[in-house]
Amino acid sequence: MKDIYRKNIGSLLLLMLAVFPVLYLHHQYFDLVEAKSIALRYSLLFCSIAISIYVLLSDTKKEKRNKLNALEISLLLFSLSSLLTTVLSHCFRESFFGTEGWGIGSFAFLMLSCIVIFTSHQKISHVWICRGISIFNIFIFLLVIFDSMGMDLFGLHGNMLNEQRFDYVSTIGNINWLVGYLSLLLPVLISCYIKEKDPLYKSLHFICTSLGLFSLVLCNSDSAFAGIGLVLMVAIPLLIRKNTYYREFSLLLIVLSLELLLISSLPAFHEKLLSYDGFFALAVNNRFLFFILCSLGMTGFIFDPQIKQMNKAWKIGFVLFAELCLAGLAGFFLKDLISSIQTYNYYWGNNRLNLWHTTLFAFKNYLIPEKQWFGIGLEQQADWYGYLNCELNTVFKTTHSEPLQILFTMGYQGMLFYLLVIASFVWTFIKQVKTNGNLCYSLSLIMYFGQSLFNSCNPVNFAVFVIVVSLLNNELHAHSE
């Protein structure tokens with residue numbers, strides 16, 4: 001029993017983090033943030049106890065220890081900087097557990113580095129963890145689809161106003177939370193689908209990936225395009241370079257195009273479709289986009305052998321064309337943002353621009369130099385928004401931009417270590433590309449960092465973030481041995 005515990009503890013902890021924070025709810029959706037924060041806290045406490053028991057049962061003299069890599073060191077330094085911020089804040093307990101916001105306090109960051117370092121020397125079955133995550137999320141994504149059709153199967157929306165029904169989906173929560181959740185999972189699910197050897201599990205991965213893409217189209221949050229655009233700019237050249245899996249990706253393109261057609265055609269999605277705005281409204285209502293995606297998918301699926309034998313110059317040309325299209329879309333997006341700033345239209349992005357302007361104004365004009373360096377304390381920004389009495393029209397507990405929130409709550413020193421984490425990840429990714437390593441976990445983090453420019457971290461996504469970083473780090477150590 002002792003040996004079984006020691007051999008499987010890493011995998012069990014990651015699977016628990018994948019399931020419990022996502023499923024845990026109480027009082028339906030009446031206190032969603034509190035419920036998810038409690039679930040994350042209990043999950044991390046359970047992890048800390050399980051790791052402590054493992055250390056007590058282990059023979060430390062015989063145990064082989066891996067050296068800390070750049071990613072682990074940067075995460076550890078960032079966690080310690082969050083603890084320093086908490087010690088210097090006026091609300092130690094609230095900052096430590098993040099009880100005044102979305103529950104991402106210094107305790108969560110400390111456990112992130114602890115779990116990542118702990119799982120680095122564990123023998124983790126990536127295949128079985130991904131299979132478990134895929135099977136579990138078929139249920140989660142089906143709930144997203146049913147909720148978008150106005151079918152509340154388990155009465156989860158019983159305490160919500162009618163106009164809020166499409167803003168909260170499945171057991172995950174807000175549609176912005178769903179964006180971060182999908183950003184972390186979709187690249188992993190796609191990789192599992194194209195690389196799985198077992199026909200049964202390959203089919204399950206395909207079903208889960210298809211439902212995940214359907215959920216992405218249904219989320220109706222433009223922040224998703226930041227993550228999609230960034231990961232595509234990185235992934236398209238790598239796909240051409242590897243010269244493989246064209247048929248699998250083409251099939252997913254066909255599925256995505258059909259899902260767009262279903263949403264715009266089926267009466268069951270009509271009410272949901274009325275709530276669409278921004279880029280999502282343009283994507284779903286544009287039949288030309290359906291035609292392009294379907295044509296590309298059919299071409300790749302039918303002419304897969306010919307594409308693999310295609311001249312390198314043609315492939316480079318396709319990559320450049322795709323990158324220019326993505327750059328053009330990014331330019332259109334930035335033009336809209338800059339125009340809003342110039343005309344003082346701070347309601348851009350559902351009040352995001354107003355929120356960011358308020359945050360930067362408070363940081364520059366209201367914080368003493370000590371607070372500018374060490375921050376106001378994690379998850380303490382809600383009181384400031386109320387104090388400044390800005391015209392936000394609603395109660396905000398987060399900044400809805402992860403980098404900006406870190407700057408405000410952790411100061412310059414927190415932002416410095418956050419950038420160190422990003423730099424260490426970029427260095428790790430470049431190293432993976434050169435050694436032809438498995439890039440699915442890195443692509444998940446790239447997609448997540450893209451959307452995090454417009455969203456803040458939440459308990460559900462933080463748990464999945466821990467899983468993805470742990471799996472990435474575990475694989476890095478496995479290949480270095």
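The first residue in the sequence is number 1, and the count goes up from there.
The SG atom of Cys457 sits 10.5 Å away from the CG atom of Asn455 when rounded to the nearest 0.5 Å. Residue Phe146 holds its CZ atom at 5.0 Å from CE of Met151, rounded to the nearest 0.5 Å. Interatomic distance, CG of Leu213 versus OG of Ser215, reported as 8.5 Å (0.5 Å rounding). Taking CD1 of Ile263 as the start and CG of Leu273 as the end, the distance is 8.0 Å to the nearest 0.5 Å. From Leu71, atom CG reaches atom CG of Leu76 across 11.5 Å, with rounding to the nearest 0.5 Å. Between atom OG of residue Ser74 and atom CD1 of residue Ile422 there is a gap of 9.0 Å, rounded to the nearest 0.5 Å.
Every residue two or more places apart in sequence or in another chain that forms a side chain to side chain contact (heavy atoms under 4.5 Å, CB included) with Leu232 is listed here: Ile228, Ile236, Leu326. Every residue meeting the side-chain hydrogen bond (donor to acceptor under 3.5 Å, both in side chains) condition with Glu271, not counting sequence neighbours, appears here in chain and number order: Arg165. Shown here are the side chain to side chain contact (heavy atoms under 4.5 Å, CB included) partners of Cys208, two or more places apart in sequence or in another chain: Ser134, Asn137, Ile138, Phe141, Leu189. In this structure, the side chain to side chain contact (heavy atoms under 4.5 Å, CB included) partners of Val468, at least two apart in sequence or on a different chain, are Leu184, Tyr441, Ser444, Leu445, Val464. Partners of Asn473 by side-chain hydrogen bond (donor to acceptor under 3.5 Å, both in side chains), not counting sequence neighbours, listed by chain and number: Asn69, Glu72.
Between Phe449 and Tyr418, the ring planes lie perpendicular to each other; the angle is over 60°, past the 30° to 60° tilted range.
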Derivation and outcome, side-chain contact (heavy atoms from CB on, under 4.5 Å), residues Thr409 and Thr85: CA-CA 8 Å; Thr409 59; Thr85 293; 5.9 Å; no
side-chain contact (heavy atoms from CB on, under 4.5 Å) for Ile254 and Leu258? Distances and angles first, verdict last. CA-CA 6 Å; Ile254 295 170; Leu258 292 174; 4.2 Å; yes
Could you give me the CA-CA distance, side-chain angles and deciding distance for Ser442 and Gln432, then say whether side-chain hydrogen bond (donor to acceptor under 3.5 Å, both in side chains) is met? CA-CA 9 Å; Ser442 296; Gln432 278 188 299; 2.5 Å; yes
Full working for side-chain contact (heavy atoms from CB on, under 4.5 Å) between Leu218 and Leu178: CA-CA 10 Å; Leu218 289 168; Leu178 178 64; over 6 Å; no
If you apply the rule side-chain contact (heavy atoms from CB on, under 4.5 Å), what do you find for Leu472 with Phe425, and how did you get there? CA-CA 10 Å; Leu472 169 62; Phe425 167 70; 4.2 Å; yes
Given His126 and Asn438, is the side-chain hydrogen bond (donor to acceptor under 3.5 Å, both in side chains) satisfied, shown in steps? CA-CA 12 Å; His126 292 240; Asn438 183 8; over 6 Å; no
Is there a side-chain hydrogen bond (donor to acceptor under 3.5 Å, both in side chains) between Ser120 and Asn474 once you walk through the steps? CA-CA 4 Å; Ser120 67; Asn474 181 268; over 6 Å; no
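A heavy-atom distance below 4.5 Å is found between the side chains of Thr99 and Arg41. Side-chain atoms of Asn176 and Ser223, non-hydrogen and from C-beta on, do get closer than 4.5 Å to each other. Proximity of Val169 to Leu143: side-chain heavy atoms (C-beta onward) are nowhere separated by under 4.5 Å. Side chains of Leu420 and Phe78 form no contact here, defined as non-hydrogen atoms less than 4.5 Å apart. Ile175 places none of its side-chain heavy atoms less than 4.5 Å from the side chain of Tyr168. Taking the side chain as every heavy atom from C-beta outward, Leu23 and Ile140 approach each other to under 4.5 Å. Residues Phe206 and Leu251 have side chains in contact (heavy-atom distance under 4.5 Å, counting atoms from C-beta outward). Looking only at side-chain heavy atoms (C-beta outward), Cys114 and Ile51 come within less than 4.5 Å of each other.
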Indicate every side-chain donor-acceptor pair of residues 101-113 with a distance under 3.5 Å to a residue at least two apart or in another chain.
residue: Ser106; atom: OG; partner: Thr86; partner atom: OG1; Å: 3.0
residue: Ser113; atom: OG; partner: Ser79; partner atom: OG; Å: 3.2
residue: Ser113; atom: OG; partner: Leu110; partner atom: O; Å: 2.9

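Summarising the geometry of Ile467 relative to Leu17, their closest heavy-atom pair is CD1-C, 3.8 Å, with the distance given to 0.1 Å. Between Ser81 and Phe417, the shortest heavy-atom distance links the atoms CB-CD1, 3.5 Å. Closest approach of Arg131 to Asp198, counting heavy atoms only: NH2-CB, 3.9 Å. The two residues Cys130 and Cys192 have their closest heavy-atom pair at CB-SG, 3.3 Å. What you find for Val179 and Cys219 is that their closest heavy atoms are CG2-SG, 3.8 Å. Residues Gln122 and Gly10 come closest through the heavy atom pair OE1-N, 4.0 Å.
For the side chain to side chain contact (heavy atoms under 4.5 Å, CB included) with Phe214, the lone residue among Thr209, Ile145, Leu142 that qualifies is Ile145.
For the pair Glu196 (side chain) and Tyr193 (backbone), a donor-acceptor distance under 3.5 Å is absent. In this structure, the side chain of Ser95 engages the main chain of Leu378 through a donor-acceptor pair within 3.5 Å. Judged by distance alone, the side chain of Asn458 and the main-chain N or O of Trp177 form no donor-acceptor pair under 3.5 Å. Remark: side-chain polar atoms of Ser401 are paired, donor with acceptor, to backbone N or O of Leu453 under 3.5 angstrom. In this structure, the side chain of Asp167 does not engage the main chain of Asn174 through any donor-acceptor pair within 3.5 Å.
Aromatic rings of Trp128 and Tyr201 (six-membered ring for Trp) have centroids within the 6.0 Å cut-off, being under it. For Phe118 and Tyr54, the ring centers are positioned less than 6.0 Å apart.
Side-chain N/O atoms of Ser456 and Gln405 include a donor and acceptor closer than 3.5 Å.
In this structure, Arg352 fails the cation-pi test against Phe454, since its NZ or CZ atom is not both closer than 6.0 Å to the six-membered ring centre and inside 45 degrees of the ring normal. Annotation: cation-pi geometry not satisfied between Lys36 and Tyr24 (NZ/CZ under 6.0 angstrom from ring centroid, within 45° of ring axis).
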